[in-house]
> 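A single structure is presented below for examination.
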Amino acid sequence: MSNSPLVVYTKLSPNHSGQRTHSIDRITPHCVVGQLSAESICGCFISTSRQASCNYGIGTDGRISMSVEEKNRSWCSSSRENDQRAVTIECASDKTAPYAFNDAVYASLVNLCVDICQRNGKSKLLWLGDKNKTLAYAPKSDEMVLTVHRWFANKSCPGDWLYNRLGNLAAEVTKRLTGGSTDTGKVDVPSDGKTLYRVQTGAFSKRSNADAWAAKLKAVGFDTYIVQMGNLYKVQVGAYSQKSNAENMMAKLKAAGYDAFITTKSGTAAGTAKKSAAEIAKEIYNGTCSDARWSSWGNGADRVNRLKQAGYDPSEVQSEVNKLF
């Protein structure tokens with residue numbers, strides 16, 4: 001049993017029963033009842049007096065954390081039998097019923113479920129919709145089954161918002177497992193062989209939400225762009241060949257009150273609106289690049305080719321560059 005490579009933060013809880021006594025054939029998503037960060041979800045389970053934990057947490061921005069390694073049984077579902085065989089996931093949600101998830105959290109839940117199934121040799125995720133039917137069902141070797149906390153305790157967890165979507169969740173995960181679209185998560189290595197470090201501030205299943213978030217950041221001075229990765233639109237700020245520069249930008253975002261993290265995963269430019277020649281010239285002057293494909297606009301023939309690929313007139317841009325110099 002391995003752990004998910006999607007995890008960006010780990011703070012292990014002492015609250016678990018050690019290695020599982022049953023192989024993994026269930027996934028149990030929960031709601032945190034609060035728009036918590038990935039780090040804060042882990043923090044909920046550090047104290048031994050809490051007597052609770054989960055395997056993974058999904059923060060309000062879609063980032064994934066780990067509280068209990070997948071090989072171990074967490075204390076999450078009020079059922080020893082369920083937790084022995086289920087990967088448990090606490091998800092950031094609204095504080096009041098129906099405890100809705102935002103787009104980033106739900107998208108990450110789909111991605112995490114796909115990853116859990118793949119690493120455990122499953123090609124189907126099932127939602128049977130009935131407690132007795134589910135608990136009596138013996139999953140086939142390639143099947144994973146969804147269960148819920150409310151079946152084992154007097155709780156509404158995971159809330160009606162997700163409960164009413166569990167059929168859709170199972171269908172989407174199974175689609176991806178059987179050849180549908182998914183987030184490949186490939187590391188972006190440009191033609192010059194240097195890995196690019198990108199600062200990401202959000203991931204959304206709807207392009208309109210990504211556009212709104214990008215506009216909000218631009219309004220306070222951050223130059224953003226949007227890339228598409230699978231079914232997600234990801235808002236990023238800068239692509240750097242040196243990790244230290246990405247770390248500096250991440251620190252600026254956090255100081256301004258925005259959550260961010262560094263990723264090396266590639267994506268496809270999502271067709272953001274073109275900038276003016278003067279704006280591109282300013283990027284060239286400052287050594288930056290708003291196009292997700294490159295860390296800079298380059299020089300000479302490289303610059304000409306990149307500008308053409310991005311839909312700009314190299315001569316017009318060069319004229320604006322000359323004015324700056």
Side-chain angles (χ1 to χ4, degrees), residues 8 61 63 183-204 207 210-229 232-325:
V8 299
D61 62 353
R63 297 168 64 241
D183 183 345
T184 59
K186 293 180 180 178
V187 172
D188 187 4
V189 181
S191 58
D192 60 6
K194 294 182 179 179
T195 298
L196 292 181
Y197 299 94
R198 307 177 183 279
V199 183
Q200 186 167 309
T201 66
F204 305 87
R207 173 62 191 267
D211 287 337
W213 186 244
K216 182 178 180 179
L217 289 168
K218 285 183 178 180
V220 293
F222 292 103
D223 194 7
T224 63
Y225 57 91
I226 300 172
V227 297
Q228 186 172 4
M229 200 179 298
L232 290 178
Y233 294 96
K234 302 191 174 185
V235 181
Q236 298 179 345
V237 182
Y240 305 91
S241 58
Q242 293 187 9
K243 189 175 182 180
S244 60
N245 292 334
E247 290 171 340
N248 290 337
M249 177 55 73
M250 181 175 67
K252 290 179 180 178
L253 281 161
K254 289 187 174 182
Y258 301 102
D259 202 2
F261 66 97
I262 296 172
T263 179
T264 56
K265 293 179 181 179
S266 64
T268 303
T272 52
K274 284 179 61 178
K275 295 187 174 184
S276 68
E279 289 175 313
I280 297 301
K282 187 175 180 180
E283 290 182 8
I284 292 171
Y285 183 83
N286 292 326
T288 61
C289 181
S290 58
D291 194 300
R293 291 170 287 184
W294 308 293
S295 61
S296 73
W297 288 107
N299 295 294
D302 284 340
R303 180 187 296 175
V304 170
N305 290 332
R306 290 176 183 180
L307 289 170
K308 287 181 178 179
Q309 289 180 57
Y312 296 102
D313 182 337
S315 298
E316 185 180 356
V317 172
Q318 187 60 48
S319 176
E320 294 296 331
V321 171
N322 293 341
K323 293 178 184 178
L324 293 175
F325 282 96

> Should Gln236 and Thr263 count as side-chain neighbours, where that means a heavy-atom distance under 4.5 Å?
yes
> State the NZ-CZ distance between Lys252 and Phe222, to the nearest 0.5 angstrom.
8.0 Å
> Measuring from atom CE of Met249 to atom CZ of Arg198, what distance do you get when rounded to the nearest 0.5 angstrom?
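So the CE of Met249 and the CZ of Arg198 are separated by 14.0 Å.
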> Going by atom types only, do Arg63 and Gln200 share a side-chain donor-acceptor pair under 3.5 Å?
no
> Would you say the side-chain atoms of Arg303 pair up with the backbone N or O of Pro314, donor to acceptor, closer than 3.5 Å?
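Between the backbone of Pro314 and the side chain of Arg303 there is no qualifying donor-acceptor contact (under 3.5 Å).
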> Would you say the ring centroid of Trp213 lies under 6.0 angstrom from that of Tyr233?
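Not under 6.0 Å, so no.
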> Return the OG to CD1 distance between Ser296 and Ile284, rounded to the nearest 0.5 Å.
9.0 Å
> Minimum heavy-atom separation for Leu307 and Trp297, please, with both atom names.
CD2-CE3, 3.7 Å
> CG of Leu253 to OG1 of Thr224: how many Å apart, nearest 0.5 Å?
10.0 Å
> How far does CZ of Arg306 sit from CD1 of Ile280, to the nearest 0.5 angstrom?
13.0 Å
> Under the criterion salt bridge (charged side-chain N to carboxylate O under 4.0 Å, His left out), I'd like the reasoning laid out for Lys323 against Glu320: C-alpha separation, chi angles, the key distance, then a yes or no.
CA-CA 5 Å; Lys323 293 178 184 178; Glu320 294 296 331; 3.3 Å; yes
> Out of curiosity, Glu247 CD to Ile262 CD1, how far, rounded to the nearest 0.5 Å?
4.5 Å
> Per the side chain to side chain contact (heavy atoms under 4.5 Å, CB included) rule, which among Thr201, Val237, Leu217 passes with Tyr258?
Leu217
